[in-house]
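Here the structure is laid out as structure tokens; the discussion comes afterwards.
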Amino acid sequence: MNPSLALQALPLVSPDVDMRLLLPELIVSIAGVLVMLADAFTRKIGRRWLTGGLALAGLGAAAAACFALWALLLFATVGMMLMASGGDLVIIFLGLELLSIATYVMAGFRRTDLRSNESSMKYFILGSFSSAFLLYGIALVYGGTVTDAGGAGTTNLREIALRVGEGPYPVLLYAGAAMLIVGFGFKIATAPFHVWTPDVYEGAPTPVTAFMAAGPKAAGFAGFMSVFLVAFPSVAGNAGAVQLHEAWLNTLVVIAILTMTVGNLAALVQSNVKRMLAYSSIAHAGYALVGFVAAGAAGDAGKQQEATGAVVFYLLAYAVMNLGAFAVVTLIARGGDRRTEIEDYHGIGFSAPALSAALTLFMLSLLGVPLTAGFMGKVLVFRAALGQTEQGPQYAWLVVAAVVNTAVSAYYYLRLVIVMFFRERMSAWAAPRVTASLALALALTAAGVLYLGIFPGRLIDALRVAETSVGRLK
Amino acid sequence: MGRYLLTILILLPAAGALAVAGHALAPYKRETHYRLVALAFSAATFLLSLLLLGGDSAAPGFRFEQDVNWIGAIGAHYHVGVDGISLWLVLLTTLLVPIAILSSWNAVEKKPAAFYAFLLALEAAMIGVFVSLDLLVFYLFFEASLVPMFFLIGVWGGERRVYASVKFFIYTAVGSLLMLAAIIALWSYFDTFDYPTILRALAEGVPYSPRVEFLLFFAFAVAFCIKVPVWPLHTWLPDAHTEAPTAGSVILAGVLLKMGTYGLLRFNFALFPESARRFAAFFIVLAVVGIIYGALVAMVQPDVKRLVAYSSVSHMGFIMLGLFSFTEEGMQGALYQMLNHGVSTGALFLIVGMIYERRHTRQIADFGGLAKPMPWFATFFVIASLSSVGLPLLNGFVGEFLIMLGMWTSRVDFAGWMNPRVVTMIAGTGVIWAAVYMLWMLQRVLFGRVRHPANARLRDLSAREVGLLLPLLALMLYMGVYPRPFLGRSEGAVRVVRERVTNSIGGGTARLESKSELKQ
């Protein structure tokens with residue numbers, strides 16, 4: 001896991017296991033496996049099932065086979081791992097591109113479906129645009145880290161941190177950081193860079209949507225946090241660094257509130273379940289950003305560790321419950337995503353009790369009802385944001401905004417539950433046959449949601465124990 | 001055994017819920033089995049809860065305590081315990097649930113397994129709320145009680161059940177979420193969620209400014225005031241009560257509303273005494289408005305169930321009045337009235353449910369002269385109504401009298417524009433209004449000649465129905481004549497809370513030393 005580059009003098013990843021850097025990769029691996037489980041036997045095109053089984057049995061064999069989806073998924077996973085554990089801007093960008101290109105193609109995989117083509121096209125164009133921003137940002141940061149002695153700039157995160165406030169062109173760093181925020185903001189779908197999300201999520205095949213909602217978001221967050229927490233910290237005594245730190249922190253605060261609000265308000269009026277879940281994932285990025293802000297504003301290494309641990313936990317919880325929700329949506333949508341409107345969910349509650357109970361669990365977890373993973377994630381993130389300083393709880397109003405947004409989100413999460421159980425069905429409906437692999441995916445995610453909600457202790461301890469490279473910087 | 005009693009009390013109904021659900025999946029199931037399983041589990045829970053009365057139940061501290069590390073990393077413990085206040089509320093819960101199950105014996109048309117499972121899960125959550133001594137665990141159970149109630153109203157409720165259940169859930173959840181923010185803020189100050197630990201730390205020194213204390217107090221208060229409900233946050237209640245199935249209404253009125261007043265007593269008063277003193281006048285005004293408003297609106301309701309729902313608003317106003325009077329009589333009276341309201345309003349909802357089962361209508365205009373075909377029904381109805389009104393010899397009188405005495409002698413500072421005695425007099429008119437709407441309703445429903453032919457041949461109460469009402473009526477009489485066992489056990493715990501708020505030490509009629517103590 002240690003990317004060794006000739007340029008860097010300091011290894012970013014510490015020798016002992018750093019859970020917080022490892023966890024995103026675990027998340028993306030689990031995401032990949034779960035998606036494969038969900039999709040393996042539900043497609044009917046060609047002899048896909050045969051290769052699906054091969055892929056599950058031996059991951060490496062799939063890359064060589066001619067069925068591209070599994071290869072793409074693996075490429076995407078590699079990309080995410082690079083993003084999450086990268087210690088250098090170039091590596092992170094490499095991972096991002098690998099991930100993005102693989103995802104563009106996966107989104108358009110249903111070649112005969114116009115919506116899938118549209119989704120892929122939109123994602124490709126907007127994604128390339130944002131990658132350009134990211135690359136430009138990297139270039140500006142490189143320029144801004146040129147040393148006074150005339151030495152070359154750097155893209156190594158540690159080195160950047162050491163050089164902030166020292167170089168002859170500080171404004172380049174500001175511009176670069178801004179561009180980086182745009183680039184990453186697109187990837188994790190925060191407002192105002194979120195516009196691609198509903199269309200892309202709605203058009204792509206549902207298992208791919210599930211993957212996109214979980215893996216790339218987690219990886220994007222990991223990359224985002226890596227870059228900003230390591231490369232642009234607040235260094236006491238260095239006025240330039242402090243100002244830059246304040247600047248990006250305040251920007252993120254505004255983005256967090258905007259994201260939460262836009263995501264929730266837009267989700268209220270959706271009639272398509274996939275679009276609703278897309279906007280809900282935007283809102284959740286907003287909640288996770290609250291933790292990110294707390295990590296950025298943390299006074300000491302311990303608090304920062306706690307805050308980043310909270311964000312990682314939140315991402316894991318979010319990935320698990322989102323994957324579960326999408327798994328159920330996949331089943332109910334039938335082949336070809338024919339049934340993804342909310343009307344299709346009317347009255348199915350008691351006809352398919354296990355499925356509906358699972359979906360209810362995931363909706364309640366997304367909402368943040370206690371005993372679920374979503375609640376525990378929110379508690380940890382709010383705790384980090386309310387971390388005590390002498391003047392009183394920091395960012396209390398940010399937490400209040402998050403709380404109000406959570407209350408608002410209750411409406412659209414409960415709406416699915418309501419139509420499933422409280423309304424009668426107009427047309428005939430037969431419960432879909434649940435394949436073994438999908439049942440396994442559902443069982444795993446449901447168990448995960450409950451486990452993280454009731455017994456998160458061990459995971460939280462693991463996130464705390466490891467000494468972090470972030471902490472060692474101070 | 002003592003340490004595990006409370007956990008058993010929480011887990012037993014939960015296990016019952018699982019048992020009912022599991023039974024539904026079994027191949028040999030029969031529709032009639034679910035209610036028997038549910039009744040067995042809830043009756044067992046009630047019998048076990050009677051053990052709480054044993055031992056030194058008048059002691060002011062927490063008994064049957066159990067403290068287990070849950071999430072060490074964030075300082076959350078599974079810490080439970082009862083004192084004189086929560087003891088009675090737990091008993092009220094465990095008493096009302098089997099009665100509610102009995103009342104739904106023939107009334108659940110669809111999916112009875114899910115119905116009873118939700119009811120038992122709700123019981124577990126409610127008991128958890130009253131016994132938890134850790135703020136996170138309290139919040140957990142508080143929220144957890146919303147989900148089964150949401151389903152109970154939404155699936156088995158009346159015509160406007162979806163609207164009522166969504167309104168109930170979102171309204172209550174908004175308040176609780178604010179409370180969550182406050183709980184986490186408290187955590188960041190004290191690094192623990194443990195209630196007794198925070199109390200001890202507060203006794204040594206308050207780490208935040210009065211303004212921060214007010215914000216925390218406000219956040220907690222919003223959550224609890226929605227639940228009570230305090231006017232003007234009461235608008236969810238009439239719909240939720242009216243549309244819920246009978247068992248749901250009984251539990252909602254009997255227990256869930258008490259979670260609000262319990263929370264105010266347990267958390268707001270003890271954790272934020274300064275703010276409680278400063279804003280007592282405000283809450284008293286709201287309480288009096290609630291009393292009068294609830295009574296006046298109840299008077300004009302054409303629907304019997306809605307009338308009883310608004311009477312709940314009025315009665316909870318009395319309880320709020322007693323709580324914020326900060327006198328021993330007032331607070332004891334408020335606690336006693338919590339129990340009374342649970343018993344009498346629970347009985348009233350049961351009775352309304354019985355007539356609904358027969359006639360499938362709740363409109364007063366459709367009734368009239370029911371005393372002739374159903375004399376037993378009329379008798380029980382009259383007794384329960386009079387208990388709700390506060391007739392001496394019945395339980396309501398003791399509670400209301402104590403509250404009004406407490407308010408009369410209260411030293412709460414109104415900054416000169418109001419006098420506690422005037423407040424008491426205005427609130428006292430609430431008793432008169434209660435008599436007006438109750439007696440008028442009784443006259444229109446029960447007495448006079450039988451106006452509708454459908455009413456002439458109604459079946460009187462069956463043995464089951466008499467059986468489930470008798471314990472409540474017996475309690476009404478017993479609590480009205482001999483309140484000593486109840487008040488004696490709660491005295492110590494109430495005094496502890498009162499002392500924290502008033503900073504005074506002394507006997508039952510201790511007063512605040514001066515009005516300036518309140519103005520900080």
Side-chain angles (χ1 to χ4, degrees), chain A residues 306 309-310 349-350 353-354 357 360 364 367-372 375-376 378-389 391-394 396-397 399-411 414-415 417-419 421-423 453-465, chain B residues 21 24-25 69-76 110-111 113-114 125 136-137 139-144 146-147 150-151 153-157 161-163 165-166 169-191 193 207-209 211-212 215-216 219:
Chain A
E306 190 190 312
F350 291 112
T360 306
L364 291 178
L367 172 55
V369 165
L371 289 184
T372 60
F375 171 70
M376 208 41 82
K378 288 208 166 94
V379 164
L380 290 173
V381 163
F382 291 169
R383 149 61 140 157
L386 286 173
Q388 183 196 346
T389 61
Q391 300 91 21
Q394 270 182 318
W397 43 277
V399 172
V400 171
V403 155
V404 170
N405 273 299
T406 307
V408 168
S409 69
Y411 176 72
L414 288 181
R415 193 171 42 188
V417 178
I418 290 172
V419 300
F421 289 101
F422 301 172
R423 298 226 189 272
I454 306 180
F455 300 111
R458 293 181 67 188
L459 185 60
I460 299 178
D461 284 331
L463 288 170
R464 293 265 179 93
V465 162
Chain B
L25 300 169
N69 199 351
W70 176 33
I71 311 175
I74 57 176
K110 47 180 167 163
K111 304 290 164 195
L136 194 64
V137 177
Y139 181 79
L140 205 138
F141 282 120
F142 197 78
E143 290 288 281
L146 291 185
V147 176
F150 171 70
F151 278 102
I153 300 179
V155 181
W156 291 275
R161 58 183 189 273
V162 177
Y163 171 72
S165 62
V166 172
F169 189 93
I170 295 189
Y171 215 135
T172 326
V174 169
S176 333
L177 280 168
L178 266 177
M179 183 170 67
L180 178 65
I183 290 178
I184 297 179
L186 273 179
W187 176 28
S188 71
Y189 278 113
F190 296 103
D191 220 16
F193 284 110
Y208 37 73
S209 67
R211 194 175 149 271
V212 172
L215 289 173
L216 296 174

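Chain letters run A, B, ... following the sequence lines, proteins first, then strands; residues in each count from 1.
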Note: B/Leu177 and A/Ala407 closest approach over all heavy atoms is CD1-N, 3.6 Å
Counting heavy-atom pairs under 4.5 angstrom with chain A, the leader among B/Phe141, B/Phe169, B/Phe142, B/Trp187 is B/Trp187
Which bit of B/Leu136 is near chain A, if near means a heavy-atom gap under 4.5 Å: side chain, backbone, both or neither?
side chain
Report the option among B/Asn69, B/Val147, B/Leu178, B/Leu140 that has the most heavy-atom pairs separated by less than 4.5 Å from atoms of chain A.
B/Leu140
Turns out that what part of B/Leu180 lies under 4.5 Å from chain A's heavy atoms comes down to side chain
Minimum side-chain heavy-atom gap A/Val417-B/Phe151 below 4.5 Å
yes
Can you give me the closest heavy-atom contact between B/Tyr139 and A/Pro370, atom names plus distance?
CE2-CG, 3.8 Å
The interface call for A/Val369 against chain B, heavy-atom contacts under 4.5 Å, is side chain
B/Ile183 CD1 to A/Arg383 CZ distance, which is reported to the nearest 0.5 Å
13.5 Å
B/Val166 and A/Ile418: side-chain contact (heavy atoms from CB on, under 4.5 Å), yes or no, with the steps?
CA-CA 8 Å; B/Val166 172; A/Ile418 290 172; 2.9 Å; yes
Under 3.5 Å: donor-acceptor pair, side chain of B/Trp70, backbone of A/Ile454:
yes
Interatomic spacing from CG in A/Leu364 to CG in B/Leu146 - rounded to 0.5 Å:
10.5 Å
Say you draw a straight line from CG of A/Leu367 to CD1 of B/Ile170; how long is it, rounded to the nearest 0.5 Å?
9.0 Å
Need one label for B/Ser165: side chain, backbone, both or neither, based on atoms under 4.5 Å from any heavy atom in chain A.
side chain
Give, as side chain, backbone, both or neither, the part of B/Phe150 having an atom under 4.5 angstrom from any heavy atom of chain A.
both
Any heavy-atom pair between the side chains of B/Ile71 and A/Ile460 that's under 4.5 Å?
yes
A/Tyr411 versus chain B, heavy atoms under 4.5 Å apart: side chain, backbone, both or neither?
both
Can you name the closest pair of heavy atoms from A/Val403 and B/Ala181 and give their distance?
CG2-CB, 4.1 Å
